[in-house]
Amino acid sequence: MAAEAAPGTAEPARARIPDTVAGGTTILLNGTSSSGKSSIAQALLGLLDGTWFHMPVDAFHAMRCNRPIADEDLQAEIDRTSKGFHRAVAGMAAGGNNLIVDYPLSRRWRLLDLLDLLVLEDTALIAVRCPLPELERRERERGDRQLGLAAMQYDEVHSHALHDFDVDTSLLTPEQCALRIRDFLSDRPRPTAFERLRQTLRSSD
Ligand SMILES: Nc1ncnc2c1ncn2[C@@H]1O[C@H](COP(=O)(O)OP(=O)(O)OP(=O)(O)O)[C@@H](O)[C@H]1O
């Protein structure tokens, strides 16, 4: 696809930043590794009206150079990438884009940071749930994830308890989950989970 729809003006003084209306929707799929976030995101891309972007945090980790990282530096490296990812998501949303964000809130600071960056009323927080034995079965079957990763994330990922909508991928296919999320989006209650979480988790600020 062309990167430009039509040539822009060559005259710098006449250049204008396009007035893209913000107010797109951000769907945040929060679940452990192997819970089925990417599969649901792919199904949603084919289902939702309008233009949507799938933003998985994995794509940002994949951009990193291959230089080895010392064990003691690994967490700082992951945190830096996560922090940058949050701001990239917020930037795409600020441009007026609709987003499907595929991301485990496996550390509390990630949620707190996103509560400060995203437009609370435009964000739909979806819990992608799956029982641990099934997650471990998927991990073994796919073979491309560290064994035990889902178990490590399991307790923290949904620990703030509050979401706008839940799906259980041990009971539904990705397509069924996507259909339910689409139906939920067509009539979203307010305040959103993000609005309520901001109120409770940030009330001491
Ligand atoms: N609803 C489902 N029912 C059965 N299997 C599923 C379902 N959703 C995903 N899977 C399988 O589980 C595995 C992980 O799926 P997926 O990559 O979508 O998860 P993920 O949450 O994005 O994982 P990660 O965060 O590790 O990238 C895949 O092998 C996929 O086929």
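Every number for a ligand or one of its atoms is a count from 1 in the order of the listing. Along the sequence shown, residues carry numbers from 1.
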* Test item: Leu111 and Phe194 side chains (from C-beta on) under 4.5 Å apart, heavy atoms -> yes
* To do: Measure from atom 5 (N) of ligand 1 to every heavy atom in Gln42, Lys37, Arg138, Gln146 and give the option owning the shortest one.
  => Arg138
* Under 4.0 Å from a heavy atom of Pro174: give me the atoms of ligand 1 that qualify, with their elements. => 1 (N), 2 (C), 8 (N)
* Would Asp113 and Arg87 pass as an ion pair if we require N to O under 4.0 Å? -> yes
* Heavy-atom protein contact below 4.0 Å for atom 28 (C) of ligand 1 -> no
* Structure fact -> for atom 23 (O) of ligand 1, nearest protein heavy atom and its distance come out as Ser34 N, 3.0 Å
* Can you tell me which residue and heavy atom of the protein come closest to atom 17 (O) of ligand 1, and the distance to 0.1 Å? -> Arg142 NH2, 3.4 Å
* Asked: Is the closest heavy atom of Thr32 to ligand 1 under 4.0 Å?
  -> yes
* Electrostatic pair Glu77-Arg80, nearest N-O below 4.0 angstrom -> yes
* Test applied, side chain to side chain contact (heavy atoms under 4.5 Å, CB included); reference residue, Cys177; option that passes from Leu29, Ile40, Leu171 -> Ile40
* Which residue supplies the protein heavy atom nearest to atom 22 (O) of ligand 1, what is that atom called, and how far is it? -> Ser38 OG, 2.7 Å
* Structure fact -> If you compare Leu172, Asp168, Leu171 by their heavy atoms, the one closest to atom 1 (N) of ligand 1 turns out to be Leu172
* Can you find a protein heavy atom under 4.0 Å from atom 25 (O) of ligand 1? -> yes
* **Minimum side-chain heavy-atom gap Thr32-Pro104 below 4.5 Å** => no
* **Separation of Arg196 CZ from Leu120 CG (nearest 0.5 Å)** => 12.0 Å
* Asked: Less than 3.5 Å between some nitrogen or oxygen of Thr173 and one of ligand 1, yes or no?
  -> no
* **Intermediate values then yes/no, side-chain hydrogen bond (donor to acceptor under 3.5 Å, both in side chains), Ser34 and Arg145** => CA-CA 8 Å; Ser34 296; Arg145 288 295 182 273; 5.7 Å; no
* Looking at atom 31 (O) of ligand 1, what's its closest protein heavy atom, distance included? -> Ser39 OG, 4.7 Å
* Quick one: does Arg145 get an N or O within less than 3.5 Å of an N or O on ligand 1? -> yes
* Check whether any side-chain heavy atom of Ile27 sits under 4.5 Å from a side-chain heavy atom of Leu185, and report yes or no. => yes
* Measure the shortest side-chain to side-chain distance between Lys37 and Tyr103 over non-hydrogen atoms and say whether it is less than 4.5 angstrom. => no
* To do: For Glu195 and Thr192, test the side chains for any donor-to-acceptor distance below 3.5 angstrom and give the result as yes or no.
  => yes
* **Shortest protein heavy-atom distance from atom 3 (N) of ligand 1, along with the residue and atom involved** => Thr169 O, 3.4 Å
* Do any nitrogen or oxygen atoms of Asp58 come within less than 3.5 Å of a nitrogen or oxygen of ligand 1? -> yes
* Structure fact -> A student comparing Gly31, Ser33, Ala41, Gly36 should find that the heavy atom closest to atom 19 (O) of ligand 1 comes from Gly36
